[in-house]
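Input: a single structure, listed below in structure tokens.
Counting starts at 1 for both ligands and their atoms, following the listed order.
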Amino acid sequence: MPLPLSAIPASPLENEPANAVKESVETLALLARRRSSKLMHLAEPAPSSAELDALVALAARVPDHGKLGPWRFVIIEGEARARAGAALADVIKNDEGVDESRLEFVRGTFLRAPACVMIVSAPQPSKKVPEWEQQLSAGAVCYNLLIAAHALGYAGCWLTEWHAFDTRAAKALGLNENERIAGFVYLGTPSVGAAERVRADVTTRVSRF
Ligand SMILES: Cc1cc2nc3c(=O)[nH]c(=O)nc-3n(C[C@H](O)[C@H](O)[C@H](O)COP(=O)(O)O)c2cc1C
């Protein structure tokens, strides 16, 4: 059962104390147990439009060198999911080997989950902040959205798939030339609780300089 929107605390205004360091067993547990859901396990209901707005506002609170805001969100919910899928199908319809079953699948891309948020990496011109840092910030947005969704009571997964790497698809989804898709975060209500999977062995990936 998702928490009510009123449970999300207000973010501080500029120069107000952020009180960012706060012991929280719940936050630690959320991170210790975090798991993505499979698309097929994202059931209705979707987060409402108001919940999605609140989630992206939380997600946008990422480290952002130079305050450039080098990312943006495109919410794909409700019937827009079919429209966005149709736009993708249109992109590939004349490609070699594409048959009706492939087109049908692609048309349903965003209908596989109750809602989707496309996170667009939109690097800003900057002499000070390298593009790489700006792209990392967009990645942080994707993860922050996932964590915020979990804390509100929704499940999700961060996918890219072919359409994140196809310039024709990017154009069809409304991206500008300098932009790239950082991810599609699909969201819904978990129908199955995900079991843990094999993790990279951190001990072999930590050293001390
Ligand atoms: C940038 C990025 C893109 C991803 N794209 C895909 C994808 O296209 N398809 C997929 O099955 N998993 C993809 N994943 C992996 C899933 O998001 C997820 O992390 C994985 O299924 C493992 O689950 P976990 O998050 O619970 O560890 C991607 C992850 C990242 C960070």
Side-chain angles (χ1 to χ4, degrees), residues 26-43 46-47 52 55-56 58-64 70-76 81 84-85 87-89 91-92 95 98 102 105-123 130-170 172-173 175 178-206:
E26 282 195 8
T27 306
L28 295 172
L30 186 130
L31 292 173
R33 308 195 63 84
R34 187 205 68 78
R35 269 245 54 197
S36 302
S37 285
K38 289 187 190 314
L39 274 179
M40 70 178 92
H41 296 153
L42 295 178
L52 287 168
L55 288 172
V56 298
L58 288 172
R61 294 181 56 81
V62 286
D64 166 18
W71 21 257
R72 62 187 180 91
F73 301 89
V74 179
I75 294 173
I76 306 171
R81 292 175 299 156
L88 288 185
V91 159
I92 59 154
D95 287 0
V98 169
R102 175 69 185 153
F105 179 80
V106 171
R107 274 187 213 110
T109 297
F110 299 104
L111 293 164
R112 293 175 298 171
C116 179
V117 180
M118 175 169 71
I119 293 92
V120 178
S121 165
E131 188 165 304
W132 168 236
E133 286 186 8
Q134 300 190 40
Q135 290 170 333
L136 289 173
S137 184
V141 166
C142 297
Y143 186 63
N144 228 19
L145 177 58
L146 209 49
I147 294 296
H150 285 171
L152 193 60
Y154 291 100
C157 61
W158 172 6
L159 305 184
T160 44
E161 304 183 289
W162 72 271
H163 40 291
F165 301 99
D166 185 304
T167 48
R168 303 167 304 165
L173 294 174
L175 268 72
N178 66 326
E179 296 182 325
R180 288 190 70 177
I181 293 168
F184 298 92
V185 174
Y186 290 87
L187 297 167
T189 299
S191 60
V192 174
E196 180 56 331
R197 70 164 189 162
V198 175
R199 297 269 153 205
D201 180 357
V202 181
T203 60
T204 64
R205 290 168 170 79
V206 178

Main-chain N/O of R180 paired to S121 side chain as donor or acceptor, under 3.5 Å: no
Spacing of R102 atom CZ and I92 atom CD1 [to the nearest 0.5 Å]: 5.0 Å
From the candidates R35, R33, E196, the one that places a heavy atom nearest atom 23 (O) of ligand 1: R35
R34: numbered ligand 1 atoms lying under 4.0 Å from its heavy atoms: 24 (P), 25 (O), 26 (O), 27 (O)
R197 heavy atom under 4.0 Å from ligand 1: yes
Numbering as shown, the atoms of ligand 1 that approach E161 to under 4.0 Å (heavy-atom distance): 8 (O)
Passing candidate, side-chain contact (heavy atoms from CB on, under 4.5 Å) with L42, options S36, S37, C116: S37
Selection from F165, W158, Y143 by shortest heavy-atom distance to atom 28 (C) of ligand 1: W158
Pairwise side-chain contact, F110 with L88, heavy-atom cut-off 4.5 Å (strictly under): yes
Distance (rounded to the nearest 0.5 Å) between E179 CD and R72 CZ: 4.0 Å
S36: numbered ligand 1 atoms lying under 4.0 Å from its heavy atoms: 18 (C), 19 (O), 23 (O), 24 (P), 25 (O), 26 (O)
Atom indices of ligand 1, in the order listed, that fall short of 4.0 Å to a heavy atom of R199: 24 (P), 26 (O), 27 (O)
Min side-chain heavy-atom separation F73-I119 under 4.5 Å: yes
Protein contact for atom 17 (O) of ligand 1 (heavy atom, distance under 4.0 Å): yes
Atom 12 (N) of ligand 1 [closest protein heavy-atom partner, distance rounded to 0.1 Å]: L159 CD2, 3.5 Å
Residues, nucleotides or ligands: over 12 heavy atoms within 6.0 Å of E196 CD: yes
